[in-house]
Amino acid sequence: MGVALRPLIADYKEVLPWDRLGGIAAIDAYNALYQFLSGIRQPDGTPLMDEEGRITSHLSGLLFRTANLVEKNITPVYVFDGKPPKFKEATLAERRVIRENAKESWERAVKEGDEESARKYAMASSKVDAFILESSKELLTALGIPWVQAPEEGEAQSAYMAAAGDVTYAVSQDYDSLLFGAPKLLRNLTVSGKRRVNGKMVAVYPEQLLLDQVLGGLEMTQVDLIAAALLIGTDYNSGVKGVGPKTAVKLVKEGKFAERILESENAAEPEELIRYFLEPPVEKQYTIAKKAPVRERVVEILCEQHGFSEERVAAGLERLGSTKGQATLDSWFS
DNA sequence: CCGATTGA
DNA sequence: TCAATCGGG
């Protein structure tokens, strides 16, 4: 979920207006789904659910965000994680513990009537499980929106597709795709332009990070950046105690990476981790063509199976179909 | 998170 | 026109 690179690269981010964006965006599906699951909730933390109690927050998020992006001339390609690499196990176990504790705290806060805490803990208890993944892929297929199954890390797959020139951006709130070599990273790709931070709504704007600018600004190579990240700590290793972004850069430039990385847990083979960032397993055969939405199928999934309002779904579908220059009413007036 | 409504 | 609020499933 992310390497704490933020302070290192904050100087190189460029805030872009929506009309300067456009092209194909490889979206980290796990990252987006987690945002929907944690954010689309009632004040007490209850997510959207259908009659059978299945979570539907992610389906709502996917429909409306996808419609927005297509309207803004951005074609999304959702990239799904595959099997996690073995050195990610400690991080995943840690996340599971945090999630389970949050779930207990959520239940307690609801009992005590503390809504603010309830929502906070509910957000932290969000889990992208098999149902969430399967139903998301099913909906995207019906919407005609392409998605790609990565063999391992989705961030690595997005980075590969961006470096190959098949997509314009890698999209994620995390910075890992830079370590995997994505030339352009886009963050805050939300249309509402707002995010909840400690209960308060703050404005956020799409921001672009260019790998070349980051490396040029830091006067580092790609391997240097990866080395610095490993010293700070990634999903794959703990990092070195007392080493933050600034010290990490300094140590790498002084050539002290090899000696200091030995202090990090789970980095017994730092060369292997570096190689993983440089040459991760990726799928090289993929198609990313957007198709027309299959209207009846979308209605079947959202309205019939999950109880969405037909009116809202129709509105979403309208927006999805309208940009892709087929014969609409508009064309008779041009 | 997103859309619609409201109220200044 | 826009920030705040509410309901979505």
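Source: prediction; values computed, not measured.
- Distances shown here put every side-chain N or O of Asn68(A) at or beyond 4.0 Å from the OP1 or OP2 atom of dC1(B).
- The side-chain heavy atoms of Tyr205(A) and Arg187(A), taken from C-beta on, include no pair separated by under 4.5 Å.
- For Phe308(A), counting side-chain heavy atoms from C-beta on, the closest listed nucleotide (dC2(B), dG9(C), dG8(C)) is dG9(C).
- Checked by atom type, the side-chain pair Thr56(A)/Asp50(A) shows no donor-acceptor distance below 3.5 Å.
- No hydrogens or angles considered: a donor-acceptor pair under 3.5 Å links the side chains of Ser126(A) and Arg41(A).
- Atom C1' of nucleotide dG3(B) and atom CG of Leu48(A) are separated by 12 Å, given to the nearest angstrom.
- Within 4.0 Å (heavy atoms only), Arg65(A) reaches sugar-phosphate atoms of the nucleic acid but no base atom.
- Rounded to whole angstrom, the span from the NE2 atom of His306(A) across to the P atom of dG8(C) amounts to 18 Å.
- Counting heavy atoms from C-beta on, the side chains of Glu89(A) and Pro84(A) never come closer than 4.5 Å.
- Side-chain atoms of Gln42(A) lie closest to dG9(C) of the nucleotides dG8(C), dG9(C), dC2(B).
- Distance Glu318(A) CD to dC2(B) P: 20 Å, rounded to the nearest Å.
- Rounding to whole angstrom units, CG of residue Leu302(A) and P of dC2(B) are separated by 16 Å.
- In summary, the side chains of Tyr276(A) and Glu152(A) do present a donor paired with an acceptor at a separation below 3.5 Å, with no hydrogens or angles considered.
- Under 4.0 angstrom from either OP1 or OP2 of dA4(B) there lies no side-chain N or O belonging to Arg312(A).
- Using a 4.0 Å heavy-atom distance criterion, Ser309(A) is classed as a sugar-phosphate-only contact.
- Regarding Ile40(A), its CD1 atom lies at a distance of 18 Å from the P atom of dC6(C), rounded to whole Å.
- In this structure, CG of Leu317(A) is placed 15 Å from C1' of dG3(B), rounded to the nearest angstrom.
- Among the nucleotides dG9(C), dC2(B), dG8(C), the one closest to the side chain of Thr46(A) is dG9(C).
- Between the P atom of dC2(B) and the CG atom of Leu33(A) lies a distance of 13 Å, rounded to the nearest Å.
- Here dG3(B) presents its C1' atom at 18 Å from CD of Glu310(A), a figure rounded to the nearest Å.
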